[in-house]
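Since the structure comes first, as structure tokens, the remarks are kept for the end.
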Amino acid sequence: MSEPHEETPQARMARLILALRTQGVTEPRVLKVIEGTPRELFTPELFRERALEDSALPIACGQTISQPFIVGLMTQALKLDRRSRVLEIGTGSGYQTAILSKLARLVYTVERYRTLMREAEARFKELELTNVITRFGDGGEGWPEQAPFDRIMVTAAAPGEPTALLQQLKPAGILVAPIGRGPVQTLRRYTGDGKGGFQVEDLIDVRFVPLLEGVAKEP
Ligand code: SAH
């Protein structure tokens, strides 16, 4: 039996990609972008050894970097194309943002912790992701000045239907968000019907940190 830590980074990544595919992330473009994105760069030093495990990990400010499977599934559910202008709520480490930026035209991302925002911005710069536009603020209100968006992804759990965000979606746009107040939420996809209504689909159960109101007070 080989211990995971004895594997080469390439072998670890191959195993991660296989795990994602087995769980239903089958879109080749999504898998390719995950394979090409160094998750260790988004992971704190203390957990870097585990960056290529398929699990969520702690980041600064008591938040988490999402599990790769969930990142893959949510990205796939968004049905991006090269022309998409995407709004992401909850930048966190910026890992999901980086994945989105490689599949879309523009990504607007909002975070309520200034520390996390700054760290994520440094990573976008290092990776030369020039199509990411960041904002420190309360993402629950969306980004009205830049609306409407083709796609919206929320990476923190909304207590109920994200009405303000749905209003900032194009008529045939897609929004993916974890919805629920408890420790386990439902990953929900809203697809615009082009006439102001939505088709709603429940995808899977997920565990996200909550979407909170206002910006965070930091020392
Ligand atoms: N996609 C991120 C997930 C980070 S966890 C990653 O893979 O790293 C969710 C993030 O949402 C946290 O950083 C949290 O601070 C942020 N968040 C919660 N409520 C928010 C709000 N109202 N506006 C903006 N960001 C919010």
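One-based numbering, in listed order, for ligands and for the atoms of each. The analysis underlying the following values was restricted to heavy atoms, covering all of them including side chains, and did not include hydrogens, waters or symmetry mates.
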Proximity flag P210 to ligand 1, non-hydrogen atoms under 4.0 Å: yes
If you measure every N or O of L212 against every N or O of ligand 1, does any of those distances drop under 3.5 Å? yes
Under a 3.5 Å distance rule, please check whether Q76 uses its side chain to pair with a backbone N or O of G72 as donor and acceptor. no
A student checking ligand 1 against E88 at a 4.0 Å heavy-atom cut-off should list atoms 1 (N)
Would you mind checking which non-hydrogen protein atom is closest to atom 14 (C) of ligand 1, with the distance to 0.1 Å? Q63 OE1, 3.3 Å
Could you walk me through whether R188 and E201 pass the salt bridge (Lys or Arg N to Asp or Glu O under 4.0 Å) check? CA-CA 6 Å; R188 198 161 280 169; E201 294 160 273; over 6 Å; no
Return the closest protein heavy atom for atom 11 (O) of ligand 1 as residue, atom name and distance. G90 CA, 3.2 Å
Relative to Y95, does R39 satisfy both conditions: NZ or CZ under 6.0 angstrom from the six-membered ring centre, and within 45 degrees of the ring's axis? yes
Give the atoms of ligand 1, by number and element, whose distance to some non-hydrogen atom of L116 is under 4.0 Å. 13 (O)
Side chain or backbone of E213 under 4.0 Å from ligand 1, or both, or neither, by non-hydrogen atoms? neither
Considering only non-hydrogen protein atoms, determine which one is nearest to atom 8 (O) of ligand 1 and report residue, atom name and distance to 0.1 Å. S93 OG, 2.6 Å
Side chain to side chain contact (heavy atoms under 4.5 Å, CB included) for I59 and L116? Distances and angles first, verdict last. CA-CA 9 Å; I59 57 172; L116 293 177; 4.0 Å; yes
Considering heavy atoms of the protein only, find what lies nearest to atom 23 (N) of ligand 1 and give residue, atom and distance to 0.1 Å. G139 N, 2.7 Å
At less than 4.0 angstrom from any non-hydrogen atom of G140, what atoms of ligand 1 do you find? 22 (N)
Atom indices of ligand 1, in the order listed, that fall short of 4.0 Å to a heavy atom of G137: 23 (N), 24 (C)
How far apart are the C-alpha atoms of E126 and R123, what are their side-chain angles, what is the distance that settles it, and do they pass the salt bridge (Lys or Arg N to Asp or Glu O under 4.0 Å) test? CA-CA 5 Å; E126 189 176 343; R123 293 174 182 129; over 6 Å; no
Can you tell me which residue and heavy atom of the protein come closest to atom 7 (O) of ligand 1, and the distance to 0.1 Å? S66 N, 3.3 Å
Working to the nearest 0.5 angstrom, can you tell me the gap between I179 CD1 and L187 CG? 8.5 Å
If the test is side chain to side chain contact (heavy atoms under 4.5 Å, CB included), which one of V154, D138, T155 qualifies with L211? V154
Quick one: which ligand 1 atoms are inside 4.0 Å of a heavy atom on T155? 1 (N), 2 (C), 3 (C), 5 (S), 9 (C)
Please list the nearest protein heavy atom to atom 20 (C) of ligand 1 with its residue and the distance rounded to 0.1 Å. R112 CD, 3.2 Å
Is ligand 1 under 4.0 Å from a heavy atom in the side chain of C61, in the backbone, in both, or in neither? neither
Just going by heavy-atom distances, which of I65, I99, T91 is nearest to atom 2 (C) of ligand 1? T91
Just which atoms of ligand 1 are under 4.0 Å from any heavy atom in A156? 11 (O), 18 (C)
In ligand 1, which numbered atoms sit nearer than 4.0 Å to a non-hydrogen atom of V209? 5 (S), 9 (C)
Have R207 and Q67 got a donor and an acceptor in their side chains that come within less than 3.5 Å? no
Give a yes or no on this: more than 12 heavy atoms of other residues, nucleotides or ligands lie within 6.0 Å of atom CD of Q199. yes
Which residue and heavy atom of the protein sit nearest atom 15 (O) of ligand 1, plus the separation: E111 OE2, 2.6 Å
Check T97 against ligand 1 and report side chain, backbone, both or neither, counting heavy atoms closer than 4.0 Å. neither
Is it the case that the side chain of R48 and the backbone of T43 share a donor-acceptor pair, with hydrogens and angles ignored and the cut-off at 3.5 Å? yes
Determine, using the 4.5 Å side-chain heavy-atom cutoff (strictly less than), whether L87 and I99 are members of one ILVMFWY cluster. no
Residue among R114, R118, E121 satisfying side chain to side chain contact (heavy atoms under 4.5 Å, CB included) with F136: R114
For residues I133 and L165: do they belong to one hydrophobic cluster (side chain heavy atoms under 4.5 Å, members Ile, Leu, Val, Met, Phe, Trp, Tyr)? yes
Shortest protein contact, atom 4 (C) of ligand 1 (heavy atom only): T64 O, 3.0 Å
